Number of protein chains: 2
Amino acid sequence: MLGKRQNEMLKIIVEEYIKTAKPVGSKSICDNLNCSSATVRNEMAYLEDIGYLEKTHTSSGRVPSELGYRYYVDNLMKPKELTGEEVLTLQTILSNQSLELSDAITKSMEIISELTNYTSLVLGSSISDNRLKKVEVVPISDNSVIAIIITDKGHIENKTIAINENISVEEIRKMVELINNLLVGTLIDEVNKKLEFEIKPIIGKYIKQQEAIYNMFYNAFNEMTSKKDNYHFSGKTNFLKAPEFDSADKVRSIVDKLEDKEVISSIEETGSGINVYIGDESKIDSDVTIIKTKYVVDGEEGTIAIIGPKRMKYDKVIGMLEYIKGEIEK
Amino acid sequence: MLGKRQNEMLKIIVEEYIKTAKPVGSKSICDNLNCSSATVRNEMAYLEDIGYLEKTHTSSGRVPSELGYRYYVDNLMKPKELTGEEVLTLQTILSNQSLELSDAITKSMEIISELTNYTSLVLGSSISDNRLKKVEVVPISDNSVIAIIITDKGHIENKTIAINENISVEEIRKMVELINNLLVGTLIDEVNKKLEFEIKPIIGKYIKQQEAIYNMFYNAFNEMTSKKDNYHFSGKTNFLKAPEFDSADKVRSIVDKLEDKEVISSIEETGSGINVYIGDESKIDSDVTIIKTKYVVDGEEGTIAIIGPKRMKYDKVIGMLEYIKGEIEK
DNA sequence: AATTAGCACTCAACTATTGACAATGCTAAA
DNA sequence: TTTAGCATTGTCAATAGTTGAGTGCTAATT
């Protein structure tokens, strides 16, 4: 544990660096601590020894290390309350009765992205642990129907599918009935396997255009369940304007990762509370921090996250996420 | 019109530059033209005079100007046929019966993005000139329904909406009936205006929870019709790996534009045929080219586009777009 | 009239070299 | 324990010199 002055000093250095992005020298902070630059240097050397600060080169000022940020977040920083104006803006969205919850969350996170100038992400939970509750089909026109899948946890996916002229609505209805009788309760991920091994062998008895109808459903399920697009970014490139992202390679590499569905779904938070992943821990880039939290509302889960530079206004962002999490969970 | 050798030369220079990204010097191409570097220099000076070539500095090799690319595309280049393998890959997608057309297009453009290493974009036409054909509502659970809008041109939009406990399905049904009686044929963009001025004043007679139901539909229409998200990118950052995108600012600025819905919807092509927008004409960046074409299939329109560096393999890309356009329009 | 060889010239790109500066670490005194 | 002082270190920006690829132009050649 650090002494009082050391705590104070680390806090000042981290916050100064967050503000200016420049290494912090001993002189610039002696006023705040009522001591000479030499004293500051001695303390700085100690903080560097124990791994909380780093130098960019032998004669440079100090920069917080990942450990330093961690200590700052865990011990020195207090989440910042939102301003009245911010609360107001968010309330108009959150209290809109006719917005579906997930839309309200997405909209609020859009606002937060604007307020902070970082990137926000809303990530619906993967539906792979959901079970099939019901399938419905709504005929739309002569050659298309909408298939709707409903899961036990309240997920609804729907997809318009084209139908081939020699398929009758009646036959589709029969297929739906079969599925609803035999596959309800199946894990979403396994529906297609069962479709293949349990339904396919027997549909010949009930349905003429077996092959076509089978394929139609198989494809529709495939698309709906493999659809990992269950996320929504806002301000995707906001934070890249920070000076640490000054090389084209770095920008490309980060943008690439944020385009990659694998990477995005790995952002899903499983722990509780608000979690901070600093630098390499973010799995995006050593200069990136992700702050995220899981929310649970009547069985429906999701992750909300803010992505920004490691040099992020932790207090502000954590404050906002706490607020949003609180609001949506009640 | 240029002479034979000048044509040949411009072609060589453009193609060489496309391959290497380095300004082309006189020496490097005299072999191809069977003449000395001095002769090449004379001709080059002429091509520069008439605006087809440029120098990056007084003693550098030549680089095609925008006009030069244009001349190349219009007069010197021949669209390249696809390889057998490429045709095969695309056919498996395009001939899949149970894929809705728009999905098939999206998938083929994904493939093309991979084959070319550029970015592909499928942009559904804006639905603002569509007219309302029918509204349907499917109850899903106790507190949600799916609203489906169908337009005269075959567009289908659907959205899950939350319902407030004191709204009965019966009342929603009445509202739908009202809409279907009074608003069919209205331009999508004007539906909400009519909803407000023609439906709202009279629903009191038929429906108890007027306010709530009205809001519910108003919001749903809003979301569905203002949804400009009717596009699909693939390989969004592919082409940014080219050496001309070497500054962080440039990369950011382009990525920003590709995130901007305004910019994207402005990519919609209105002309016929395959059109090439070189450099500044692309409206994205002076180093970017967009090649695009409109497709029309039973009244449904859309744009497919390839976005890449100005130094793009025009022959390959145009060949591919011609192929795809031909396939989907038949 | 078209082509070419030859030469002077230009500019970007690279490599040192330098001085100013902002920090540092360390020592010795307060 | 704190501080003043000083040698030391590495960055940054400016300057200068070198090289090489490429040009334009002129005069000779075909």
Side-chain angles (χ1 to χ4, degrees), chain A residues 2-10 12-17 19-65 68 243-244 246-248, chain B residues 1-10 12-65 68 243-244 246-248 250 287:
Chain A
L2 299 180
K4 191 180 162 199
R5 189 171 63 192
Q6 290 162 337
N7 273 330
E8 217 170 312
M9 201 164 125
L10 187 53
I12 291 170
I13 293 173
V14 172
E15 290 177 353
E16 182 67 13
Y17 184 64
K19 210 190 294 170
T20 64
K22 305 226 184 294
V24 182
S26 54
K27 227 186 217 164
S28 70
I29 60 170
C30 25
D31 281 359
N32 303 289
L33 290 161
N34 286 318
C35 63
S36 78
S37 64
T39 310
V40 175
R41 281 205 290 284
N42 287 330
E43 295 280 36
M44 275 179 159
Y46 175 71
L47 289 176
E48 186 178 353
D49 270 357
I50 60 172
Y52 288 175
L53 294 180
E54 278 168 357
K55 285 189 285 194
T56 61
H57 58 88
T58 36
S59 70
S60 76
R62 301 303 208 290
V63 158
S65 67
E244 46 267 61
D246 58 352
S247 100
Chain B
M1 207 49 185
L2 299 181
K4 190 179 161 201
R5 189 172 62 192
Q6 289 163 338
N7 273 328
E8 216 171 312
M9 203 165 123
L10 186 54
I12 290 171
I13 293 173
V14 171
E15 289 177 353
E16 182 67 14
Y17 184 64
I18 287 176
K19 210 190 296 171
T20 64
K22 304 228 184 293
V24 182
S26 54
K27 229 186 216 165
S28 69
I29 60 169
C30 27
D31 281 358
N32 303 289
L33 290 161
N34 284 317
C35 62
S36 78
S37 66
T39 312
V40 176
R41 281 204 291 284
N42 286 332
E43 297 278 38
M44 274 178 159
Y46 175 71
L47 290 175
E48 186 179 356
D49 269 357
I50 60 173
Y52 288 176
L53 294 179
E54 278 168 357
K55 285 189 285 195
T56 61
H57 58 86
T58 35
S59 70
S60 76
R62 301 304 206 291
V63 159
S65 68
E244 46 266 60
D246 57 351
S247 100
K250 193 154 209 166
D287 277 320

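Just so you know, these numbers come straight off a predicted model, no measurement behind them. By convention in this document, chain letters (A, B, ...) are assigned in the order of the sequence lines, proteins followed by strands, and residues within each chain are numbered from 1.
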Novice: For dA22(C) and Arg62(A) - does any side-chain N or O of the residue sit under 4.0 Å from the phosphate oxygens OP1/OP2?
Specialist: no
Novice: Tell me whether the side-chain N/O atoms of Lys55(B) come closer than 4.0 Å to OP1 or OP2 in dC11(C).
Specialist: no
Novice: Report the nucleotide, chosen from dT3(D), dG24(D), dT2(D), that has the shortest atom-to-atom distance to any side-chain atom of Arg5(A).
Specialist: dT2(D)
Novice: Okay, side chain of Ser60(B), backbone of Thr56(B): is any donor-acceptor separation there less than 3.5 Å?
Specialist: yes
Novice: Lys27(B) near the nucleic acid: base, sugar-phosphate alone, or nothing, with a heavy-atom cut-off under 4.0 Å?
Specialist: nothing
Novice: Using whole Å, what does the distance between atom C1' of nucleotide dT24(C) and atom CD of Glu43(A) come to?
Specialist: 16 Å
Novice: Rounded to the nearest Å, what distance is computed from the CG atom of residue Asp49(B) to the P atom of nucleotide dT23(D)?
Specialist: 14 Å
Novice: Ignoring backbone atoms, establish whether Thr58(B) has a side-chain N or O less than 4.0 Å from OP1 or OP2 of dC9(C).
Specialist: no
Novice: Taking CG from Leu47(A) and C1' from dT24(C), how many angstroms apart are they, rounded to a whole number?
Specialist: 15 Å
Novice: Return the value, rounded to whole Å, for the distance between atom NZ of Lys22(A) and atom C1' of dC21(C).
Specialist: 15 Å
Novice: To the closest 0.5 Å, what do you measure between CE (Met44(B)) and OG1 (Thr39(B))?
Specialist: 12.0 Å
Novice: Counting only side-chain heavy atoms from C-beta out, which of dT4(C), dG25(C), dA4(D) sits nearest to Glu48(A)?
Specialist: dG25(C)
Novice: Applying a 4.0 Å non-hydrogen cut-off, can you work out what Thr56(B) is touching in the nucleic acid: base, sugar-phosphate, or nothing?
Specialist: nothing
Novice: Select from Ser37(B) and Arg41(A) the residue whose nearest nucleotide in DNA chain C is closer to the 5' end of that strand.
Specialist: Ser37(B)
Novice: Does Gly51(B) offer a backbone N or O that forms a donor-acceptor pair with the side chain of Ser65(B) under 3.5 Å?
Specialist: yes
Novice: May I ask you to say what Ser60(A) touches in the nucleic acid, namely base, sugar-phosphate or nothing, with a heavy-atom cut-off under 4.0 Å?
Specialist: sugar-phosphate
Novice: Once you round it to whole Å, what is the distance between C1' of dG25(C) and CG of Asn42(A)?
Specialist: 9 Å
Novice: With a 4.0 Å cutoff (strictly under), does any side-chain N or O of Ser59(A) reach OP1 or OP2 of dT24(C)?
Specialist: no
Novice: Which whole-number value in Å describes the distance from Asp31(B) CG to dT4(C) P?
Specialist: 12 Å
Novice: Between dT23(D) atom P and Tyr46(B) atom OH, what is the distance in whole Å?
Specialist: 19 Å
Novice: Verify the contact: side-chain N or O of Thr39(B) to OP1 or OP2 of dT4(C), cut-off strictly under 4.0 Å; return yes or no.
Specialist: yes
Novice: Over how many whole Å does the gap from Ile13(A) atom CD1 to dA23(C) atom P extend?
Specialist: 13 Å
Novice: Nearest 0.5 Å, please: how far is CG in Leu47(B) from CG in Leu10(B)?
Specialist: 6.0 Å
Novice: Quick one: does any side-chain atom of Ser28(B) pair with a main-chain N or O of Val24(B) as donor and acceptor, under 3.5 Å?
Specialist: no
